[in-house]
Amino acid sequence: MKLIDGKLISQQIKAEIAEEVKAMVAEGKRAPHLAVIIVGHDGGSETYVASKVKSCHEVGFQSTKLAFEDTITEAELLAEIEKLNANPELDGFIVQLPLPKHISEQKVIEAIDFRKDVDGFHPVNVGRLSIGLPCYISATPNGIMELLKRYEIPTQGKHCVVIGRSNIVGKPVASLMMQKAIPGDATVTVCHSRTKNLKEITLQADIIIAALGSPEFLTANMVKEGAVIIDVGTTRVPSTETKSGFRLKGDVKFDEVAPKCSYITPVPGGVGPMTIVSLLKNTLLAAKGEIYG
Ligand code: GUN
């Protein structure tokens with residue numbers, strides 16, 4: 001069994017990005033600039049946003065954090081998005097989800113100019129992804145593909161079972177795994193909460209991507225000997241062992257599944273650290289005008 005070390009790979013990619021930024025600045029160009037909007041005080045969101053801002057600084061990006069109270073109206077938030085869309089000094093921006101109930105996430109996502117949508121959530125980017133056109137690919141699926149690539153894990157002709165059909169992970173990762181590309185070119189089955197005989201299906205999988213958000217859902221009796229396991233779960237559970245009072249739990253029962261696998265991602269330290277570098281990569285692509293000019 002080989003552990004897929006997302007922390008190590010993410011550090012390597014950050015170093016690569018920092019080198020590129022240094023070269024850009026040496027040529028007299030402005031450093032890439034990412035803005036992050038956060039609404040309210042969700043603990044998980046505040047942690048993620050702080051990490052995104054810190055990572056920007058580590059690679060030499062400029063970053064702007066716009067924090068609003070959850071009393072902001074939908075119209076006011078949409079007006080803020082318009083300002084960012086029109087700001088030529090900004091390469092890309094994201095609105096951290098979830099949003100308070102009185103604001104439509106879909107309206108917010110569609111209000112972002114798709115050319116600045118470095119989260120890859122806008123329907124234009126999602127549509128382009130599904131037909132294999134250049135686009136901003138959302139962070140988690142892109143991070144998973146990068147891990148498969150850097151570990152040279154064969155995917156062509158393999159049976160990949162995705163558990164979960166979210167717009168952020170399940171659907172886009174299924175799209176990428178079936179695309180005619182390496183990594184990709186797999187036979188993909190998407191399972192979800194209404195799937196019958198889930199275990200029969202996962203037992204056929206060469207690669208399982210568990211992205212359902214249910215701690216320790218995938219057990220050893222659901223996994224074929226030698227399978228590759230990608231654990232996307234990041235459920236926060238109370239813990240007395242950490243400073244924050246929380247720890248992250250994956251969707252895979254790691255201790256019993258790991259001995260059966262060829263490769264497995266741990267939680268934390270697997271897919272998680274890759275998501276932020278995917279966002280940084282999209283921002284760099286935006287600054288270089290590589291997707292939409
Ligand atoms: N909430 C959880 N993951 C994400 C993400 O990748 N982007 C945004 N904007 N919000 C999130």
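Numbering starts at 1 and runs along the sequence shown. Counting convention: from 1, in listed order, for ligands and their atoms alike.
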In Å, rounded to the nearest 0.5 Å, how long is the span from CD1 of Ile112 to NE2 of His122?
-> 8.0 Å
How long is the gap from CZ on Phe217 to CG on Asp251, to the nearest 0.5 Å?
->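 Here the interatomic distance stands at 8.5 Å.
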Check whether any side-chain heavy atom of Thr219 lies under 4.5 Å from a side-chain heavy atom of Glu256, and answer yes or no.
->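 Yes, at least one pair of side-chain atoms sits under 4.5 Å.
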With a cut-off of 4.0 Å, which atoms of ligand 1 are near a heavy atom of Val95?
-> 8 (C), 9 (N)
Just which atoms of ligand 1 are under 4.0 Å from any heavy atom in Phe121?
->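 Under 4.0 Å from Phe121, ligand 1 has these atoms: 5 (C), 6 (O), 7 (N), 8 (C), 9 (N).
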Heavy atom of the protein closest to atom 4 (C) of ligand 1 (residue, atom name, distance) =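 Nearest neighbour among protein heavy atoms for atom 4 (C) of ligand 1, to 0.1 Å: Gln96 NE2, 4.1 Å.
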May I ask you to check if Arg236 and Phe246 form a cation-pi contact, with NZ or CZ under 6.0 angstrom from the six-membered ring centre and within 45° of the axis?
->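 Judged by the rule, Arg236 and Phe246 form a cation-pi pair.
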When the side chains of residues 260-274 are checked against the rest of the protein, which donor-acceptor pairs come out under 3.5 Å, sequence neighbours left out?
from   : atom 1 : to     : atom 2 : distance (Å)
Lys260 : NZ     : Ala220 : O      : 2.9
Lys260 : NZ     : Val223 : O      : 2.8
Ser262 : OG     : Gly226 : O      : 2.8
Ser262 : OG     : Ala227 : O      : 3.3
Thr265 : OG1    : Asp231 : N      : 2.8

Option whose closest heavy atom lies nearest to atom 9 (N) of ligand 1, chosen from Ile168, Asp119, Ile94, Leu279 =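 Heavy atom nearest to atom 9 (N) of ligand 1 belongs to Asp119.
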What part of Tyr48 sits under 4.0 Å from ligand 1 if we count only heavy atoms: the side chain, the backbone, both or neither?
->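 No part of Tyr48 is near ligand 1 at this cut-off.
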Are any of the N or O atoms of Leu97 closer than 3.5 Å to those of ligand 1?
-> yes
